[in-house]
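I have placed the structure first, in the form of structure tokens, so that the comments after it can refer back to it.
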Amino acid sequence: MTLPMVEPLIYDYGRAGRGARGQWPAAESVVPAVPAALRRARRAALPEVSELDVVRHYTRLSQLNFSIDTHFYPLGSCTMKYNPRACNAAALLPEFLGRHPLASTRHSQGFLACMFELQEMLKEVTGMQGVALTPMAGAHGEFAGVAMIRAYHRARGDLARNEIIVPTAAHGTNPATATMCGCVAREVGVGPDGDVDLVALRAAVGPKTAGIMLTNPSTLGVFERHIPEIARIVHDAGGLLYYDGANLNAILGKVRPGDMEFDVIHMNLHKTFSTPHGGGGPGAGAVGVGPRLLPYLPLPVVARSGEGDAARYRWLGEQDLPQSIGRLTGFNGNAGVLLRAYVYMRMLGRDGMSRVGEYATLNSNYLLARLQQAGFIAAYPQRRASHEFILTLKALAQQQGVTAMDVAKRLLDFGFHAPTTYFPLLVPECLLIEPTETESKETLDAFVAAMAEILREAASDPDTLRGAPHTMPVRRLDDVRAARELDLAHRPAAA
Amino acid sequence: MTLPMVEPLIYDYGRAGRGARGQWPAAESVVPAVPAALRRARRAALPEVSELDVVRHYTRLSQLNFSIDTHFYPLGSCTMKYNPRACNAAALLPEFLGRHPLASTRHSQGFLACMFELQEMLKEVTGMQGVALTPMAGAHGEFAGVAMIRAYHRARGDLARNEIIVPTAAHGTNPATATMCGCVAREVGVGPDGDVDLVALRAAVGPKTAGIMLTNPSTLGVFERHIPEIARIVHDAGGLLYYDGANLNAILGKVRPGDMEFDVIHMNLHKTFSTPHGGGGPGAGAVGVGPRLLPYLPLPVVARSGEGDAARYRWLGEQDLPQSIGRLTGFNGNAGVLLRAYVYMRMLGRDGMSRVGEYATLNSNYLLARLQQAGFIAAYPQRRASHEFILTLKALAQQQGVTAMDVAKRLLDFGFHAPTTYFPLLVPECLLIEPTETESKETLDAFVAAMAEILREAASDPDTLRGAPHTMPVRRLDDVRAARELDLAHRPAAA
Amino acid sequence: MPFIPHTEADVAEMLAAIGAPNIEALFAEIPRELRTRALTGIPEGLNEQQVMQLMYARARMDGRPLNFIGAGAYEHHIPAAVWAIVSRGEFYSAYTPYQAEASQGTLQTIYEYQSMITALTGAEVANASVYDGATAVSEACLMAVRANRKSTAARVLLPRAVHPHYRAVTQASTGGQGLKLEELPYVRERGQTAVDALAAYADQDITALVIQQPNFFGVLEDVDALSDWAHARGALVIAVVNPTSLAVLKAPGLWGQRGADIVVGDGQPLGCPLSSGGPYFGFMATRMEYVRQMPGRIVGRTVDLDGRPGFTLTLQAREQHIRRGKATSNICTNQGLLMIAGTIYLSLMGAAGLERVAHACMARTAELVAALARLPGVRTAFSSARFHEAVLLLDRPAAPVLEALAARGIEGGFDLSVNYPELGPALLVCATEARSAADIAAYAAAMAEVLKAVRVA
Amino acid sequence: MPFIPHTEADVAEMLAAIGAPNIEALFAEIPRELRTRALTGIPEGLNEQQVMQLMYARARMDGRPLNFIGAGAYEHHIPAAVWAIVSRGEFYSAYTPYQAEASQGTLQTIYEYQSMITALTGAEVANASVYDGATAVSEACLMAVRANRKSTAARVLLPRAVHPHYRAVTQASTGGQGLKLEELPYVRERGQTAVDALAAYADQDITALVIQQPNFFGVLEDVDALSDWAHARGALVIAVVNPTSLAVLKAPGLWGQRGADIVVGDGQPLGCPLSSGGPYFGFMATRMEYVRQMPGRIVGRTVDLDGRPGFTLTLQAREQHIRRGKATSNICTNQGLLMIAGTIYLSLMGAAGLERVAHACMARTAELVAALARLPGVRTAFSSARFHEAVLLLDRPAAPVLEALAARGIEGGFDLSVNYPELGPALLVCATEARSAADIAAYAAAMAEVLKAVRVA
Ligand SMILES: Cc1ncc(COP(=O)(O)O)c(C=O)c1O
Ligand SMILES: Cc1ncc(COP(=O)(O)O)c(C=O)c1O
């Protein structure tokens with residue numbers, strides 16, 4: 001049985017000869033010739049649709065999404081908090097929007113002033129001594145960080161150091177980054193309370209240790225309590241300390257990675273500083289470094305000369321930072337995202353910044369407490385939650401045959417985006433829940449009520465859960481078929 | 001049984017002390033005192049909500065609407081065509097948006113140039129000799145027009161003329177306008193083919209006739225064929241001719257009211273020139289006049305001196321137009337709407353403008369033909385449709401007990417906004433259908449298919465129609481209760 | 001063909017279905033002699049890029065002067081969220097919510113708007129907007145005639161201290177129905193409506209008294225005394241108010257013993273950009289007993305077939321589409337989208353935020369007045385308490401001063417000479433929370449310069 | 001507290017439910033010695049109005065110069081509809097569509113995007129974006145090493161005529177994995193990659209050859225010959241293309257006998273504003289046989305439990321969250337929102353509209369080059385056919401010329417002296433459809449003036 005699509009493909013609105021002609025430039029009378037061998041013979045099979053078709057189609061499609069602007073979205077590790085519209089408005093000012101990335105310094109002072117101040121604020125927040133803004137997402141920042149660690153060891157002639165220690169609780173990007181940098185990811189376990197297994201760590205370090213990548217609070221939703229010991233062990237072994245700052249939201253104004261002896265950190269500005277996630281991006285993964293790694297920062301970074309009204313800003317390049325790991329982006333990173341983060345930080349200000357960590361933690365611990373009262377099982381019940389926490393539904397899966405996936409899908413029917421499921425891989429049948437500080441108690445209470453109701457359904461009517469969702473535009477999708485019978489593009493006849 | 005609301009009231013998100021504080025100005029240390037007797041004692045009971053609450057609530061509410069951007073919206077007489085986004089973008093340019101209405105001429109030349117050219121284009125399109133842009137909707141333009149007719153007769157000492165002839169097919173605003181202007185609306189009938197009953201008209205005119213208000217194409221969806229005779233009859237009787245130009249979309253580039261001897265016209269720029277209807281407004285009801293009424297135009301209008309690069313623009317006021325009927329708006333009308341109409345007209349240009357009438361008429365006649373083939377009954381089968389047409393469901397109502405309202409509500413379930421129902425009042429159980437030129441044949445075909453299906457349901461399953469809609473956020477609403485148990489405002493306790 | 005999706009094949013198929021040889025044939029019913037020539041006066045069409053370039057150039061001509069004009073339209077901070085939401089297609093491109101079930105978004109927003117307007121004004125019911133503040137006053141006068149059954153005079157007292165445009169519009173809009181508008185003078189020293197002058201009307205049939213608070217000069221009127229006077233004589237009280245000021249000023253519903261009967265004003269300060277004069281929205285609220293005399297759309301809460309609460313247009317029997325010539329007004333299309341902006345603005349501000357706005361406006365205006373009145377040749381006109389506008393008297397003609405300020409990028413205020421010649425050279429100035437201390441200093445510096453350059457008359 | 005909705009009562013209730021005396025107690029697990037002092041280096045918070053005023057001032061500092069720089073980022077007309085839709089909260093504030101049933105909007109848009117990219121490039125499958133054009137090249141090189149099972153050298157030929165930043169990024173991004181990048185020279189007169197130079201590699205193990213079309217100089221390469229040479233030697237072909245140019249240039253899928261194997265580029269010209277350098281999006285497409293080697297997210301069409309078509313992320317076993325250290329890349333967050341903009345842009349333009357854009361770009365650039373090369377001291381560097389950029393040689397240092405142009409409000413091009421000193425003083429200039437004849441005339445006039453003022457070296 002094939003049912004009609006919820007919304008047809010944009011191609012389905014097309015007819016040969018139709019088009020949004022108001023958008024087309026006038027036809028040229030003279031166009032320089034393209035040599036015949038290089039010319040396109042057939043027009044590409046793009047949609048031929050009217051402007052109204054386009055507006056209606058994509059407006060309708062958008063309505064099929066859950067989003068922060070419409071739903072509570074407690075996707076653990078992703079910090080889905082309110083994206084203030086002012087950040088967008090500021091980034092869209094025509095002068096910024098129309099500015100070419102290679103524009104003259106003369107026409108760049110306003111933009112560069114924002115970038116410089118953003119670098120300074122990030123230094124303050126992390127306790128680091130240098131910041132580069134160009135990495136375009138968290139993983140990209142990780143790459144920059146590990147590449148700097150590598151460059152550091154190489155510059156010292158310490159060529160054997162190619163192992164990056166990664167706790168098993170790490171985000172998948174950490175080991176993937178190690179590999180991309182040509183290092184080997186060496187995993188060490190965590191103990192039953194979620195902290196790194198120090199015995200294993202001591203066993204793992206050695207002359208091949210380039211460094212350790214530590215997420216804190218870890219992806220298990222707890223603050224790593226042995227940071228001083230870990231720092232000592234790794235540093236003593238000659239390795240450097242990498243702080244995966246994706247969870248910076250939890251510790252803003254409470255602890256600073258620089259003060260904790262970390263040599264490098266990447267931040268997910270799209271999380272902590274609330275730039276929009278855009279259905280998959282863009283992000284911004286600025287990196288901060290301590291004194292050891294200062295010379296290796298990726299290019300370009302912004303420098304200031306003069307003070308106050310006499311301040312002048314410019315990009316530093318290769319000549320200025322000859323030991324840099326080089327360029328990681330075509331221009332200078334996701335400038336528009338950086339502007340949004342800058343505006344957000346200026347609005348928060350000093351006091352607002354520490355409140356972020358406090359209220360994110362309050363919401364998380366409250367939600368955990370209420371869900372425990374409702375009968376759910378915390379993965380680390382003996383620990384305080386950080387800005388997020390993990391439930392494990394292993395018992396439910398064993399007793400009722402209802403999985404974390406079923407619960408996640410059923411939550412959609414109650415009007416809540418699901419938490420992160422099956423991540424971290426360490427905890428079976430897990431839900432990683434991050435409410436963020438911008439959600440109200442009422443919303444959290446409503447979420448608890450829905451979860452409690454789902455627990456009741458698991459006992460009384462598990463098939464409803466297994467068949468969920470029931471109220472979305474589509475019911476549960478066949479992922480296996482998607483991977484087996486690959487249908488990755490529509491192929492209309494070319495015009 | 002009371003069910004929960006689809007989306008709670010914004011007040012329901014409130015808690016004492018909550019607020020979108022990022023929007024509040026800083027508290028003042030010194031504020032000039034308000035005399036105690038004039039001071040507010042208790043804060044108004046406004047919502048106390050967070051910025052996220054506001055964004056989420058109104059985003060969700062918006063999703064409960066049908067709109068052009070999401071649905072075919074063939075609401076007869078309302079010309080719900082595509083609202084190009086460029087018009088909005090241009091009107092929102094910061095210089096226009098930030099411009100005070102009383103700004104100096106120096107800081108107004110760009111805006112006034114647009115307004116002047118808009119006046120000129122509207123003159124060309126209507127064949128009139130003067131245009132004023134300030135009326136803020138069609139009905140407001142009607143007021144201006146009838147007030148000018150009155151002023152004309154008064155200026156000639158012709159004080160007895162206080163009757164405005166209004167065909168029974170007229171829009172309700174026509175007689176209401178006559179009353180507002182202190183005139184008496186005198187109705188004349190229309191014949192079985194939809195044209196004005198000339199015998200009745202001849203009988204109605206006389207020394208009390210101030211004028212006639214004629215909608216063309218009439219609200220019956222047909223072009224009035226006796227315009228030359230009507231013009232002669234009314235003018236001969238000493239009355240003036242008013243053209244209700246709400247349906248200008250049908251005749252753009254085909255006929256011009258000025259050429260047809262009309263003395264005054266109002267246009268609904270929000271229809272013909274596609275400014276957004278905004279859930280009830282704003283509109284713009286510019287008026288155009290022939291030579292007789294030029295001195296009476298409402299204030300202000302824009303004048304130009306000089307040509308080309310030396311052109312200077314300014315507002316004309318009372319000193320310039322001493323016989324004007326005066327001011328109808330606090331400043332100068334819905335400037336932002338006028339800018340949108342200006343941009344739309346510039347995009348259409350000369351050729352695009354005549355195409356509007358042609359394709360609006362094509363779509364309308366096609367839809368009528370297809371619906372007739374599907375078994376629906378046209379109110380004026382012997383006539384060509386103009387840009388809109390009427391179906392009468394009288395037979396259906398009599399035979400199956402299914403009303404035009406039932407059909408309208410059922411259409412919502414098929415994803416179409418309903419046509420205008422029960423208007424004009426002349427035709428029983430009517431649907432007034434206006435597809436507009438911006439809709440594609442495929443959309444019209446889909447609408448026909450839905451209508452045909454509804455006809456089948458009327459025979460096989462009339463209760464489904466009577467209970468419709470079934471897929472909207474709410475089912476059919478109790479209008480009687482709404483009027484009887486008036487609940488017009490939420491009353492929370494004041495803070 | 002911009003905005004027309006038809007392909008040639010579509011047209012051919014459609015004509016075949018109609019049974020017409022070509023599009024032209026569809027116009028066959030139009031008498032041939034009426035057919036028009038081509039629209040040669042219309043320029044050729046521009047594509048979107050071209051039209052935007054044209055509009056950028058036009059906008060640049062107007063520049064972005066620093067604005068100190070108020071006079072009924074006020075520059076306020078507008079939260080970015082307001083227009084991000086208002087511009088959503090589902091609000092922007094919908095129309096009047098005739099099909100309630102497919103328009104709950106607009107309808108519920110109107111209901112919330114009605115709730116907020118009644119909360120601010122202290123009235124019981126509000127409509128879903130009229131065109132603007134000026135037409136709201138004229139509609140209120142017409143409504144008062146219908147509502148005040150005791151009065152037969154159709155006579156409304158309209159103080160001279162009411163916005164001159166509002167008075168002009170009321171004149172133009174109510175004259176046809178024979179309303180008699182009579183002007184009440186103001187006290188020259190205080191800029192307040194002269195309560196003494198009312199003595200002249202002591203025993204006469206007055207239908208309504210209009211009270212603007214703050215009045216056009218920014219001055220606060222003695223609203224209690226004026227209201228009580230009117231009510232004692234059987235006249236209705238029409239309050240014309242600035243919604244921002246209601247955060248700090250007594251709600252019209254509490255004016256005097258009985259409260260105002262009809263409350264109107266321009267909603268522009270609530271989230272509507274200055275936008276060269278519009279679109280704004282007029283608000284209108286009244287007592288429940290007069291609701292059937294109120295013009296405009298009204299939304300009510302009701303339930304659906306299942307008992308679920310929902311919203312719908314109600315009391316439509318007042319309106320032209322039902323009542324035609326006997327309707328309360330001819331208004332049909334109103335200012336819906338702006339009303340939505342106002343609702344979102346009020347939700348974001350709340351009463352506490354709006355109070356902050358009002359306080360900042362008052363403080364900035366006081367600072368502006370102090371900075372300007374310090375200059376030789378400038379002094380304040382009135383001694384009374386004010387909201388966020390003030391009249392300044394100059395020792396030389398205002399027009400060249402304003403023109404010289406404009407040349408320096410400053411819109412220095414509204415020239416009162418035309419409407420209030422009795423004041424001599426005078427400016428109405430305004431500073432809202434959108435003006436900073438630096439802005440005010442820039443104005444004062446420019447004014448000092450200009451006063452050196454522009455001659456005393 | 002901006003953005004935090006908690007009332008004091010809320011906090012008290014929540015702490016009670018947790019069983020904690022205060023918020024501070026929630027941080028008790030953090031070793032005391034790690035706790036930080038206050039963030040004194042962060043300024044105090046601004047409200048929205050203040051921050052917007054700050055940003056207006058910053059924006060004003062940058063002005064709006066007339067831009068003739070291309071060099072990988074191009075100023076095009078962007079239909080107003082694009083960002084009106086992209087900015088809708090449902091797109092803007094969603095994240096990666098992990099919950100497919102609640103993310104069909106994003107997922108279907110990605111599927112449509114994949115369809116359009118494959119149609120434009122002539123490739124079979126595309127991913128849902130990588131960061132930008134530069135990282136797309138480096139990812140393509142790493143992918144080629146995985147995909148080319150015949151090659152063991154991990155050696156990629158990277159012509160000097162490829163964007164210097166793309167080369168730098170590739171260098172920085174692939175060095176760790178030991179890729180060897182070798183530069184191919186270009187022919188000085190033609191600005192084209194020297195096919196002769198390939199002779200040196202005739203019998204060597206080459207993993208891939210990168211071909212940029214048009215190349216960094218705007219010059220069209222002989223893509224067929226280059227592709228066939230590579231394929232003949234078992235090397236993969238990585239095409240780096242400007243998507244606008246594909247409206248008129250042969251699709252990489254048809255280059256030579258076999259077509260390019262991996263096609264990448266920057267999607268910026270498709271609806272993304274210049275925006276000071278980003279966010280843009282990198283696109284990436286390949287043959288079906290290599291799909292499992294491609295990094296990034298991929299969406300597939302499937303059906304739901306009822307058999308209704310729907311969309312979901314697929315082939316996730318390539319990705320880091322499943323495969324961790326063995327993933328095809330570490331990429332996680334990508335450039336989703338920009339990809340949506342590109343999809344809407346391509347829908348509005350269609351192939352015919354994009355062709356018009358390409359033609360206009362070519363025509364304007366030809367006019368620009370003609371107008372500038374007419375001036376004494378300016379000549380064109382290369383004789384070959386070009387797309388919408390050109391290299392101009394100057395008879396004096398480029399930097400002061402550009403600075404003098406900037407002082408006149410014109411961004412006159414990209415200074416090639418740093419990256420291509422062998423050319424002598426040289427500018428890379430660009431004119432797209434966004435530049436008018438008047439703009440070009442303004443540039444030529446300013447250049448004439450500047451050449452009078454700036455000395456010959
Ligand atoms: C702990 C952690 N590290 C790294 C990342 C990678 O960040 P991004 O997705 O921006 O590349 C994430 C986010 O998904 C994360 O949660
Ligand atoms: C024929 C006709 N006349 C007048 C009007 C009144 O226009 P408006 O609603 O803009 O006041 C309308 C629109 O509703 C109309 O259709």
Side-chain angles (χ1 to χ4, degrees), chain A residues 1 3 20 24-25 28 31 43-46 54 61-62 64-69 86 90 93 95 97 99-101 104 110 124 136-137 139 172 175-177 181-182 185 277-283 326-327 330-332 334-336 349-350 366 369 440-441 472 474-475 477 482 487 489-490, chain D residues 5 10 14 41-42 44-45 48 55 58-59 61-62 69 89-90 93-96 101-102 104-106 115 118-119 131-132 134 168 172 176 273 275-279 300-302 304-305 307-308 310 312 314 320-321 324-325 327 330 333-337 348 351 353 356 359-360 363 406 433:
Chain A
M1 174 174 58
L3 294 169
W24 302 358
E28 294 293 328
V31 180
R43 282 192 178 151
L46 296 179
V54 172
L61 278 189
S62 77
L64 305 181
N65 274 358
F66 276 29
S67 67
I68 307 176
D69 279 8
L93 290 175
E95 291 86 350
L97 216 55
R99 214 188 133 263
H100 193 283
S104 62
E124 172 74 8
M136 296 190 277
T177 297
C181 284
H277 291 60
R327 255 191 182 281
F331 297 102
N332 35 57
N334 282 334
R350 185 186 307 158
Y366 174 70
S440 67
K441 176 171 178 295
M472 294 294 102
V474 290
R475 294 191 57 208
L477 288 161
D487 174 356
H490 174 66
Chain D
D10 290 338
M14 293 169 82
I42 304 289
E44 293 214 25
E48 183 177 311
M55 296 306 280
R58 292 275 162 86
M61 288 168 73
D62 290 350
I69 316 177
E90 299 94 321
S93 74
Y95 200 21
T96 307
E101 298 82 1
Q104 287 295 299
T106 296
S115 305
T118 55
Y131 304 131
D132 68 358
S275 187
S276 299
R301 175 149 59 173
T302 181
D304 75 359
L305 284 178
R308 188 184 298 280
T312 187
T314 192
Q320 47 72 28
H321 61 289
R324 301 178 69 83
N330 70 344
T333 294
N334 55 28
Q335 305 287 117
L337 199 64
L348 285 169
R356 292 256 188 113
H359 283 166
E433 88 285 6

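In what follows, every heavy atom counts, from backbone to side chain, and hydrogens, waters and symmetry copies are set aside. Each chain gets a letter, A, B and so on, in the order its sequence line appears, and its residues count up from 1. Just so it is clear, the model here is predicted, and its values are computed rather than measured.
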> Quick one: what part of Leu97(A) sits under 4.5 Å from any heavy atom of chain D, side chain, backbone, both or neither?
Replying inline: both
>> Taking Ala176(A)'s backbone N and O only, do any of them form a donor-acceptor pair with Asn330(D)'s side chain (distance below 3.5 Å, no angle check)?
In response: no
>> Please rank Pro25(A), Ala86(A), Ala137(A), Ala369(A) by heavy-atom pairs under 4.5 Å with chain D and give me the top one.
In response: Pro25(A)
> So, for Glu28(A) and Ala363(D), which heavy atoms are closest and what is the spacing to 0.1 Å?
Replying inline: OE1-CB, 3.5 Å
> At a heavy-atom separation under 4.5 Å, does Ser275(D) approach chain A through its side chain, its backbone, both, or neither?
Replying inline: both
> Can you tell if the side chain of Pro101(A) reaches within under 4.5 Å of the side chain of Asn332(A), non-hydrogen atoms only?
Replying inline: yes
>> So which residue, His490(A), Met136(A), His100(A), ends up with the most heavy-atom pairs under 4.5 Å with chain D?
In response: His100(A)
> Any sub-3.5 Å donor-acceptor pair from Thr302(D)'s side-chain atoms to Leu477(A)'s backbone N or O?
Replying inline: no
> So, for Asp69(A) and Ser93(D), which heavy atoms are closest and what is the spacing to 0.1 Å?
Replying inline: N-OG, 3.0 Å
> Side chain, backbone, both or neither: which part of Thr118(D) has a heavy atom under 4.5 Å from chain A?
Replying inline: side chain
> Which of the residues Ala20(A), Pro282(A), Ala185(A) is involved in the greatest number of heavy-atom pairs with chain D at under 4.5 angstrom?
Replying inline: Pro282(A)
> Is it true that a side-chain atom of Asn65(A) and a backbone atom of Glu90(D) form a donor plus acceptor pair closer than 3.5 Å?
Replying inline: yes
> Does Gly336(A) offer a backbone N or O that forms a donor-acceptor pair with the side chain of Asn334(A) under 3.5 Å?
Replying inline: no
>> Given heavy-atom pairs under 4.5 angstrom as the criterion, report whether the side chain, backbone, both or neither of Ala90(A) touches chain D.
In response: both
> Taking every heavy-atom pair that is under 4.5 Å apart, which of Gly279(A), Gly326(A), Ser104(A), Ser440(A) has the most such pairs with chain D?
Replying inline: Gly279(A)
> Regarding Tyr95(D) and Thr106(D), is there a side-chain donor-to-acceptor distance under 3.5 Å anywhere?
Replying inline: no
> If you count heavy-atom pairs under 4.5 Å between each of Gly278(A), Gly283(A), Gly182(A) and chain D, which one has the most?
Replying inline: Gly278(A)
> Which atoms of His321(D) come close to chain A, meaning under 4.5 Å heavy atom to heavy atom: side chain ones, backbone ones, both, or neither?
Replying inline: backbone
> So, do Met472(A) and Gln104(D) sit near enough that their side-chain heavy atoms are less than 4.5 Å apart?
Replying inline: no
> With chain A, which of Arg324(D), Glu44(D), Met61(D) has the greatest number of heavy-atom pairs at distances under 4.5 Å?
Replying inline: Arg324(D)
>> Show the nearest heavy-atom pair for residues Gln335(D) and Tyr131(D), with the distance to one decimal.
In response: CG-O, 3.1 Å
> Can you tell which of Gly300(D), Ala327(D), Ala406(D) has the highest number of heavy-atom pairs within less than 4.5 Å of chain A?
Replying inline: Ala406(D)
>> Looking at chain A, which one of Ala119(D), Ser115(D), Ala134(D) has the largest number of heavy-atom pairs inside 4.5 Å, strictly under?
In response: Ser115(D)
> Counting heavy-atom pairs under 4.5 Å to chain D, which of Gly281(A), Cys181(A), Gly349(A), Gly330(A) comes out on top?
Replying inline: Gly281(A)
> Quick one: of Leu348(D), Asp62(D), Asp132(D), who has the most non-hydrogen atom pairs under 4.5 Å with chain A?
Replying inline: Asp62(D)
